[in-house]
Amino acid sequence: MSHGIFSRSGGVSSHCFDSLNVGLSVGDGPAAVAENRHRILSRMGTRKAVFLNQVHGKTIHVLNQISNPAKRQTPIIADGLVTDMPGISLVIQVADCQGILLFDPDKKVVANVHSGWRGSVQNIIGNCIDVMKVRFKCQPGHIRAGISPSLGPCCAEFTNYKDEIPKALWSYKLSEKPYFDFWKMSCDQMIEKGMKKENIERMNICTQCNTEQFYSYRREKKTGRFACVISLKK
Ligand SMILES: [Zn+2]
């Protein structure tokens, strides 16, 4: 298994997309995005990569021989990917949302999930673990996970949380102000599915506090997307 969280540096995009932007629908030039994606692929050492059409839902797409991405023409609309096929980079594109990389070393299965606040509220991460269990016979106790840089509890302000976030999740609100700890929410969602706390790693880097290194939609509005990538070695 190899994985990478790519910061915004090392690419060819300019201005607000400076510089390793992998997002195609944010207003950056397609030639620059293609070059940036190529650089990430060569760094990962895979010839194929799958980029999703992310829609803040909870759908997990399973890649297997039948749904071979090399033969696919239409974009995949989903917010998570799972595969046991080696040599394919699964890519999640973020700017404040969490990219959650998952790996089961026992069954040799990898997954990658895009979980912004809408994904967290819908528990897409729990949904992904269910898919890994049902489709690949993964045991949650074996799965390891890593949470990418994303909006931290220092900056995740939700003034309309009473309309946007279900009451059952208000325990993740800081006591004195309407800021939420989505990192802890993700950890709890994984532990609820049977994963072990010691197998979950959080980078604890807030994108809005670190825009020189990572894109932040909240801080910058017009900006790029950085790549969270995982693949199984051939
Ligand atoms: Zn912050």
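In this chain, numbering begins with 1 at the start of the sequence shown. In listed order, ligands and their atoms are each counted from 1.
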Check your understanding: Hey, does the side chain of Asn210 reach the backbone of Cys206 with a donor-acceptor pair shorter than 3.5 angstrom?
Key -> yes

**Study point:** salt bridge (Lys or Arg N to Asp or Glu O under 4.0 Å) against Asp130, all qualifying residues, sequence neighbours excluded
**Key:** Lys193

Review point. Any donor-acceptor pair under 3.5 Å linking the side chain of Ser19 with the backbone of Gly11?
Key: yes

Review point. More than 12 non-hydrogen atoms from neighbouring residues, nucleotides or ligands closer than 6.0 Å to CD on Glu201, yes or no?
Key: no

Check your understanding: Is NZ or CZ of Arg225 both nearer than 6.0 Å to the six-membered ring centre of Phe6 and within 45° of the ring axis?
Key -> no

Exercise for review: Measure from NZ or CZ of Arg37 to the centre of the six-membered ring of Phe51 and say whether it is under 6.0 Å with the direction within 45° of the ring axis.
Suggested key: yes

Check your understanding: Do you know how many protein N, O or S atoms are within a distance smaller than 2.8 Å of the Zn ion (ligand 1)?
Key -> 4

